[in-house]
There are 2 protein chains.
Amino acid sequence: MDPVRPYTEVLDRLKSAGLRPTRQRLALAKLLADSGDRHITAEQLHDEAQRAGVRVSLATVYNTLHQFTAAGLLREVVVEAGRSYFDTNTSNHHHFFHQDRGELVDIPAGAVTVSELPVAPEGSAIESVHVVVRIRDDAN
Amino acid sequence: MDPVRPYTEVLDRLKSAGLRPTRQRLALAKLLADSGDRHITAEQLHDEAQRAGVRVSLATVYNTLHQFTAAGLLREVVVEAGRSYFDTNTSNHHHFFHQDRGELVDIPAGAVTVSELPVAPEGSAIESVHVVVRIRDDAN
DNA sequence: TTTTTTCTTTAGAATTGTTCTAATCTATTG
DNA sequence: CAATAGATTAGAACAATTCTAAAGAAAAAA
C-alpha cells in the first residue's frame, strides 16, 4: 500500500536543481521538510540525521546544505561569528537573534517594515535586505 | 585637536573605561582614531600595527578590540560566517555588505528607515536593530 | 545487461579565525 | 623601591568549516 508518496515533491525539487536524488540528499531534505520552519546548523542537522538512523557524514551535510541553499531550498543566515544557520523558510523575512541563547526567531511578516531603501553604490545592485533585531533576556 | 598632545583624548577614554594606558592600547587606539570611519578585522589591524612599527601580538589585538567594544569605542559587526568586523563608527547606523569583495560600507544616515519596530518576544528586550543590505557587482 | 562515465560520499587531514594558557613583563600603589 | 594587580606574549588549543583523494553509487552508453 502506498497512499502517500512522501518523497515525490522533494525528488522533483532535487531534479530541477540538477542534483541526483541520493539516499543522503533525500533523507536530509525530508528531515528539513518535515520539521516546519526552523533555523538549523550543520552540526544540529547531522545529529538529527544520526538519531533518525540516517548514516551521513558531516562533510555531506555541509555540501548538501550549500547545494540546497544554491538551489533556493534554504536560506543561509549569519548573525554570529563562526556559525551559520540555515533557514527552511526561504521567503523574504527578518529575524530576532536572542543573544543569551544563541537562537534565531522569525519576525512575523509585517511586524517590521523597511520603508526607505537605500540606493546601492555605483556599479552594484541590491541582492537582499535583512533586518536583525538583537534581543536579550529582560531584566525583570 | 591639539597636535602637541595627540594621546590626550585616547588616554581619557581608556581611563574612564578602567583600562590601563599601555603602549599597545594607546598605539592601537591611535591607529583606529586616525584612520576615520572604517570596518577592520583583527588580522588587518594587526598587520597595520606591524607596518607602523608597533610591536603587538595578535592575541593582544583581539583582547583590545573586545575591550574597546565593551567600552563603547567600537562596534562589532557580523555579516559573514567566520569573520568579525569592528566598526569605528559607533553611532546607530546600517551597512551595505559587498558580497563579491567582502567589504562593509556604511549606509548614509537617513538613507534607510525601519518604520515599524517589531515587539520583542515575551521576557526579552530589544538591544539593537541592524539592517544589512547585501549587494553584488552590477551585471552592466 | 554490462560497461563506462560522471557525480557523490566519506574519513580524516587541513585551514581559518579566534580563544586559551601560563610564563613574563609593566603600570600602579603603598 | 617593592609589592601587587593587571597586561602582553608565543604558541597551543579550539570550533566551525573546507579540502583531499579514494571508494561508492547513479546515469548513460553499449
Side-chain angles (χ1 to χ4, degrees), chain A residues 7 10-31 39-50 53-71 73-74 76-86 102 104, chain B residues 7 10-31 39-50 52-71 73-74 76-86 102-104:
Chain A
Y7 281 96
V10 153
L11 221 149
D12 288 347
R13 304 194 101 185
L14 289 184
K15 189 175 286 182
S16 61
L19 296 171
R20 288 183 179 172
T22 63
R23 180 175 57 76
Q24 291 85 344
R25 283 185 187 141
L26 286 171
L28 293 177
K30 189 133 199 324
L31 276 176
H39 310 91
I40 200 170
T41 65
E43 294 263 3
Q44 280 166 10
L45 182 56
H46 183 242
D47 288 354
E48 276 189 29
Q50 305 286 281
V54 178
R55 280 174 29 267
V56 59
S57 72
L58 185 56
T60 295
V61 172
Y62 273 104
N63 288 340
T64 303
L65 286 173
H66 287 140
Q67 290 155 351
F68 284 8
T69 299
L73 278 65
L74 290 175
E76 189 173 357
V77 178
V78 178
V79 287
E80 251 187 320
R83 180 184 268 75
S84 271
Y85 293 88
F86 292 86
L104 276 173
Chain B
Y7 281 96
V10 154
L11 221 148
D12 288 347
R13 304 193 102 185
L14 289 184
K15 190 175 286 182
S16 61
L19 297 171
R20 288 184 180 174
T22 63
R23 178 175 59 74
Q24 291 85 343
R25 283 183 187 144
L26 285 171
L28 293 177
K30 190 132 198 324
L31 276 176
H39 309 90
I40 199 169
T41 66
E43 294 264 2
Q44 280 167 9
L45 182 55
H46 184 241
D47 288 355
E48 277 190 28
Q50 305 286 280
V54 177
R55 279 172 32 264
V56 59
S57 72
L58 184 57
T60 295
V61 171
Y62 273 104
N63 287 340
T64 303
L65 286 172
H66 287 140
Q67 291 154 351
F68 284 9
T69 300
L73 278 65
L74 291 175
E76 190 171 358
V77 178
V78 179
V79 287
E80 251 187 319
R83 180 183 270 73
S84 270
Y85 293 88
F86 292 86
E103 219 175 79
L104 277 172

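Everything quoted here is computed from the prediction, not taken from an experiment.
Regarding A:L19, its CG atom lies at a distance of 19 Å from the P atom of D:dA25, rounded to whole Å. Between the P atom of D:dT9 and the CD atom of B:Q50 lies a distance of 9 Å, rounded to the nearest Å. Whole-Å rounding puts the B:R23 CZ to C:dC25 C1' distance at 11 Å. Computed from coordinates, the A:R55 CZ to C:dT8 P distance equals 19 Å when rounded to whole Å. Across the protein-nucleic acid pair, A:L65 atom CG and C:dT8 atom P stand 15 Å apart, rounded to whole Å. Taking atom NE2 of residue A:H46 and atom P of nucleotide C:dT9, one finds them 13 Å apart after rounding to whole Å. One can place CG of B:L14 at 10 Å from P of D:dT8, the figure rounded to the nearest angstrom.
A:V10 has its side chain out of reach of A:K30: every pair of non-hydrogen atoms, C-beta onward, lies at least 4.5 Å apart. Using a 4.5 Å heavy-atom threshold, the side chains of A:L74 and A:L65 count as touching. Proximity of B:L45 to B:F86: side-chain heavy atoms (C-beta onward) are nowhere separated by under 4.5 Å. Considering only heavy atoms from C-beta on, B:R13 stays 4.5 Å or farther from B:F68 through its side chain. Taking the side chain as every heavy atom from C-beta outward, B:V77 and B:V79 approach each other to under 4.5 Å.
Residues A:Q24 and A:T60 have side chains that never bring a donor and an acceptor to within less than 3.5 angstrom of each other.
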With sugar-phosphate taken as primed atoms, P, OP1 and OP2 and all else as base, the protein-contact string of nucleotides 13-23 of chain D at under 4.0 Å (heavy atoms; B, S, -) is ---SBBB----
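Note that the CD1 atom of B:I40 and the NE2 atom of B:H46 stand 12.0 Å from one another [nearest 0.5 Å]. The line from OG1 of B:T64 to CG of B:L28 is 5.0 Å long, rounded to the nearest 0.5 Å. Residue A:L73 holds its CG atom at 11.5 Å from CZ of A:R25, rounded to the nearest 0.5 Å.
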Provide a list of protein-nucleic acid N or O atom pairs under 3.5 angstrom, restricted to nucleotides 4-6 of chain D.
residue: D:dG6; atom: O4'; partner: B:R20; partner atom: NH1; Å: 3.4
residue: D:dG6; atom: O4'; partner: B:R20; partner atom: NH2; Å: 3.2

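Remark: A:Q24 is in phosphate contact with C:dT10, judged by side-chain N or O atoms under 4.0 Å from OP1 or OP2. Distances shorter than 4.0 Å separate some side-chain N or O of B:T60 from OP1 or OP2 on D:dT9. For C:dT9, one of the phosphate oxygens OP1 or OP2 lies less than 4.0 angstrom from a side-chain nitrogen or oxygen of A:T22.
Heavy-atom nearest nucleotides on DNA chain D were determined for A:P21 and for B:S57, and the one closer to the 5' end corresponds to B:S57.
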